[in-house]
2 protein chains.
Amino acid sequence: MREGGLDIQPARRRGLTDEVAENVRQAIFDGSLQLGERLNEVDIAERLQVSRGPVREALVQLKQEGIVTMEWHRGAFIVQLSADDFRELASLRTILEVFAIRQAAVAATQADLDDLCAVVKSMSSAMADQSDFDMIQLDVQFHDALYRASHHGRLWNAWSSIRSQVLLSLVSRRAVNNNYYRDLVIAEHEELLQVISSRDVEACEKAIRGHLSDTYDRLVGTFDGADPAQESAKR
Amino acid sequence: MREGGLDIQPARRRGLTDEVAENVRQAIFDGSLQLGERLNEVDIAERLQVSRGPVREALVQLKQEGIVTMEWHRGAFIVQLSADDFRELASLRTILEVFAIRQAAVAATQADLDDLCAVVKSMSSAMADQSDFDMIQLDVQFHDALYRASHHGRLWNAWSSIRSQVLLSLVSRRAVNNNYYRDLVIAEHEELLQVISSRDVEACEKAIRGHLSDTYDRLVGTFDGADPAQESAKR
DNA sequence: AACATTCTGAATGTCAACAAGAGTCGAGGA
DNA sequence: TCCTCGACTCTTGTTGACATTCAGAATGTT
């Protein structure tokens, strides 16, 4: 009963709930479902060929991730992030990520650094295909690896509870947040990787603060005084 | 259809799910259910005279609160917090609460301050009946009010996701964490209230750091040998 | 015409039964 | 004696049907 050197997870048995959640999540991100839209349980159940039980549990999961809201006897709706929501996400993410990078600077293993490096490399090679969506996902994956490198389970949970919202905010803004910044974003992540490798805690904090405020500035620029819904409508 | 000055919530319709979750939560806190125990769905369902549907959803809710774990086809178990879990809770709570008090120092309304004050007063009057459990609940309620005063929805959610664990850790240690510290705890919360009222952000951060590290030190003392190595590692 | 009321359709909340996985216990053999 | 294998049982995962609630249309009244 030996455990080979490979530390892959044991192919987690996932029920239909996770399956449904993943499908709906993707449908929200790639725009198949409009923001603010009502999510009909029987509709989703029929479309995915499952019963309503797993669908309900999946919606609860998405509610915990903050990308849908649920009201008693009224159902689930996809959230529309307001400018205030946006500020909340930015500020909370900042304190979480500052803490994460400080922990990572101390506790990151070589494997963690390798993971981070792998994501950065994927970014560089993704330059070619010009897919904004992939780029955004890689961006978030880098930060996933950062949180993982901090080896702090509850910090990871806290990140998980806003991760989907962050991703949604990035995706829903991608139309106006065009690719002028792509090489800049890559450079910033490379810098983060380097500064983590250096184990310099204070430099890490400075770097992540700079990176997040840059990201935040780029994104709030797209609000220009308007509501998100109108923003996406005019594109 | 006028809205009187009273800002009560519209009597939120709660389904059986929340009802079950509340029951199980209380059962965990007051010791009716032992730590590490398996939670049988049909057992809970029969005992509460409901079907398994709401029970399942309630268990998912408790899992999100971090006081039960769930495994595929194996069911739900009440968590047993280890010394590591404890450190995670302490560190994450610290950064959240530092942020919360800084926000509160700026954004707290008079009503928020009144709420905080009310809790402190309840603490003082609770001195008499010598109920540790009530005291702990008031302690957590004070911090609830603090997070509420920060007017940051997602920060509140982050607190919610560790709140039950914090409460559980306090409750499960109360036997050894006797009431030597009660007036000290009250004094600390009074100081927090005062410093928030003063709107001095830096003083607030200093106060909350002191309060949390005090609480943490008092609690880790109760581990007494459960994890000697890690115990000596810190401070 | 404007408002209040009732009714109807549809969605969610809940339930009890069926299907499938995981643990257990004992028989059999090395 | 110890290990392996397989059937059995208990629990969870899933399903389809029933009950409850909400929103809007239709109707009656002022």
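Below, read A as the first sequence line, B as the second, and so on, with proteins coming before strands; counting in each chain starts at 1.
Annotation: the span from M70(A) atom CE to L39(A) atom CG amounts to 9.0 Å, rounded to 0.5 Å.
For the pair R38(B) and S51(B), both in contact range of DNA chain C, the more 5′-proximal nearest nucleotide belongs to S51(B).
Summarising the geometry, the separation between NE2 on H73(A) and C1' on dA23(D) is reported as 13 Å, rounded to the nearest angstrom. Counting to the nearest Å, the C1' atom of dC22(D) and the CD atom of E71(A) are 11 Å from each other. Look at CD on E46(A): it is 12 Å from P on dA17(D), rounded to the nearest Å. dA23(D) atom C1' lies 8 Å from atom CZ of R74(A), rounded to whole Å. Summarising the geometry, the separation between CZ on F77(A) and C1' on dA11(C) is reported as 10 Å, rounded to the nearest angstrom. In this structure, L59(A) atom CG and dA11(C) atom C1' are separated by 13 Å, rounded to whole Å. For Q49(A) and dT14(D), the CD to C1' distance is 15 Å, given to the nearest whole Å. Summarising the geometry, the separation between CG on D43(B) and P on dT12(D) is reported as 9 Å, rounded to the nearest angstrom.
Here the side chain of L16(B) is nearest to one of dA22(C), dC15(C), dG13(C), namely dC15(C). Minimum atom distance to the side chain of V50(A) is reached by dT15(D), of the listed dT15(D), dT14(C), dT14(D).
G53(B) comes within contact range of no nucleotide atom at all, as no heavy-atom separation falls under 4.0 Å. Counting non-hydrogen atoms under 4.0 angstrom, L39(B) reaches the backbone sugars and phosphates but no base.
Within the structure, every side-chain polar atom (N or O) of R52(B) is placed at least 4.0 Å from both OP1 and OP2 of dT12(D). For R56(A), no side-chain nitrogen or oxygen approaches OP1 or OP2 of dT12(C) to under 4.0 Å. The phosphate of dC10(D) (OP1 or OP2) has no side-chain N or O of N40(B) nearer than 4.0 angstrom.
Here F99(B) and H152(B) bring their ring centres to under 6.0 angstrom of each other.
Taking the six-membered ring where tryptophan is involved, the planes of H189(A) and F142(A) are perpendicular, since the angle between them exceeds 60° and thus also 30°.
The side-chain contact (heavy atoms from CB on, under 4.5 Å) with V55(A) is formed by just one residue from the set D43(A), V20(A), L16(A); it is V20(A).
With no hydrogens or angles considered, no side-chain donor-acceptor pair links S82(A) and D84(A) at under 3.5 Å.
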